[in-house]
2 protein chains.
Amino acid sequence: MPRSTRRRPALAHPATEEIDLYDVLHALADPTRMTIVRVLRTEPERACGTFPVDVAPSTLSHHFKVLRESGVITQREEANRRFSALRTVDLERRFPGLLDTVLAALARNEAADTA
Amino acid sequence: MPRSTRRRPALAHPATEEIDLYDVLHALADPTRMTIVRVLRTEPERACGTFPVDVAPSTLSHHFKVLRESGVITQREEANRRFSALRTVDLERRFPGLLDTVLAALARNEAADTA
DNA sequence: ACGCCTTTTCGATAGTTGTCGAACATCGCA
DNA sequence: TGCGATGTTCGACAACTATCGAAAAGGCGT
């Protein structure tokens with residue numbers, strides 16, 4: 001019998017209808033977390049430690065928790081890795097167009113920074 | 001000679017190109033400020049003290065400052081009143097669709113709260 | 001069984017934020 | 001000139017946040 005499969009406490013994820021706008025806006029109002037979201041936009045999922053952010057592992061863990069509890073990402077455990085994925089479908093159903101618009105705005109924001 | 005007209009220090013407003021996405025998201029990630037924005041969406045401008053928010057005057061002043069310095073609203077002085085207006089045109093030019101999308105999301109958010 | 005890798009949790013800390021009350025500034029008006 | 005109305009500024013304060021390092025938990029490979 002495989003001893004893995006559901007041992008650690010289940011990860012908390014809000015249901016789609018429970019995703020709160022203020023939580024989402026707050027989650028996105030941070031450069032480190034926004035970087036995570038931007039990367040996740042281009043890939044279906046990715047392990048936590050592989051993101052191009054320059055913070056301590058414990059800090060990164062904190063940001064993933066904020067993103068997960070706000071409903072922006074899902075996290076799935078596999079072995080000793082934790083994979084994250086954007087909840088694009090859920091977010092689109094809950095707040096249509098929000099993610100796309102914010103990411104487009106992010107591109108504008110960064111274009112201006114380097115101009 | 002009218003003794004009014006530009007006596008107090010000019011109010012700080014970021015230029016359109018200087019509006020920062022993180023500042024905007026942070027400004028919108030607060031229910032009191034979001035209420036102000038929602039009301040301002042339906043009227044060209046409005047005096048500070050006339051908003052349906054239940055906080056102390058000093059707190060309200062603080063929120064207006066956050067909204068103004070983030071580039072979400074403009075403030076104009078007239079006599080001893082201060083009128084606020086949404087920077088809809090500037091915001092649309094800087095981050096197309098952002099304000100509309102967030103306000104639509106707000107409607108969804110509140111609809112769910114009361115459901 | 002042991003060590004390594006990945007990630008979380010804990011404790012601490014410095015900085016930010018929302019809130020208030022009191023005091024101050026400005027203007028219009030009597 | 002003084003009063004009242006409108007807002008702001010100034011402390012102060014409690015709550016929250018981003019950050020870190022150290023320690024621990026869980027899984028894999030040798």
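To find a chain, count down the sequence lines: A is the first, B the second, and so on, and within it residues start at 1.
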Student: Looking only at side-chain atoms of A:Gln75, point me to the closest of D:dT6, D:dT19, C:dT8.
Tutor: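 My answer, after comparing the listed nucleotides, is C:dT8.
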Student: Is a side-chain donor or acceptor of A:Thr59 paired with a backbone partner of A:Val55 at a separation under 3.5 angstrom?
Tutor: no
Student: Using atom CD of A:Glu78 as one end and atom P of D:dG27 as the other, report the distance to the nearest whole Å.
Tutor: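 Nearest whole value for this atom pair: 13 Å.
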Student: Measure from the side-chain heavy atoms of A:Pro57 and tell me the nearest of D:dT6, C:dT8, C:dG21.
Tutor: C:dT8
Student: In whole angstrom, what separates A:Arg68's CZ from C:dT8's C1'?
Tutor: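 Checked: the CZ to C1' distance equals 10 Å.
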Student: One thing to verify: whether B:Arg94 and B:Glu17 come together as a salt bridge, which I'm taking to mean a side-chain N less than 4.0 angstrom from a carboxylate O.
Tutor: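 Salt bridge absent between B:Glu17 and B:Arg94.
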Student: Return the 5'-most residue of the pair A:Val55, B:Ser61 with respect to DNA chain D, ranking by each residue's nearest nucleotide.
Tutor: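 Closest to the 5' end, via its nearest nucleotide, is B:Ser61.
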Student: What's the CZ-P distance between A:Phe51 and C:dT6, to the nearest Å?
Tutor: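 Distance, rounded to whole Å: 15 Å.
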Student: Quick check for you: among C:dG18, C:dC27, C:dT8, whose closest atom lies nearest to any side-chain atom of A:Arg82?
Tutor: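 The nucleotide sitting nearest to the side chain is C:dT8.
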Student: Is any side-chain nitrogen or oxygen of B:His63 closer than 4.0 Å to OP1 or OP2 of C:dT17?
Tutor: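 Checking C:dT17 against B:His63, no side-chain N or O comes under 4.0 Å of OP1 or OP2.
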Student: Donor-acceptor check, side chain of A:Asn109 to backbone of B:Leu21, threshold 3.5 angstrom: yes or no?
Tutor: yes
Student: With clusters defined by side-chain heavy atoms of hydrophobic residues (ILVMFWY) lying less than 4.5 Å apart, directly or transitively, does B:Leu60 cluster with B:Leu11?
Tutor: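 No: no chain of side-chain contacts under 4.5 Å links B:Leu11 to B:Leu60.
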Student: Would you mind telling me which residue lines up with the more 5' stretch of DNA chain C, A:Ser58 or B:Ala29, judged by nearest nucleotide?
Tutor: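 That would be A:Ser58.
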Student: Rounded to the Å, how far apart are B:Tyr22 OH and D:dA18 C1'?
Tutor: 15 Å
Student: Between atom NZ in A:Lys65 and atom P in C:dT6, what is the gap in whole Å?
Tutor: 23 Å
Student: What integer distance in Å separates B:Leu28:CG from C:dG18:P?
Tutor: 12 Å
Student: Please report, rounded to the nearest Å, how far the P atom of C:dT6 is from the CG atom of A:Leu60.
Tutor: 13 Å
Student: Quick check on the hydrophobic clustering: are A:Val24 and A:Val39 connected, directly or via other members, by side-chain heavy-atom contacts under 4.5 Å?
Tutor: yes
Student: Could you tell me whether the side chain of A:Asn80 has a donor or acceptor atom within less than 3.5 Å of a complementary atom in the base of D:dC28?
Tutor: no
Student: Would you please confirm or rule out a distance under 4.0 Å between OP1 or OP2 of C:dT7 and any side-chain N or O of A:His62?
Tutor: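 It does not, given that no N or O in the side chain of A:His62 lies less than 4.0 Å from OP1 or OP2 of C:dT7.
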Student: For B:Phe83 and D:dG7, what is the distance between atoms CZ and P respectively, to the nearest whole Å?
Tutor: 8 Å
Student: Check the phosphate of D:dA5 against B:Arg81, side-chain N and O only, distance under 4.0 Å to OP1 or OP2. Yes or no?
Tutor: no
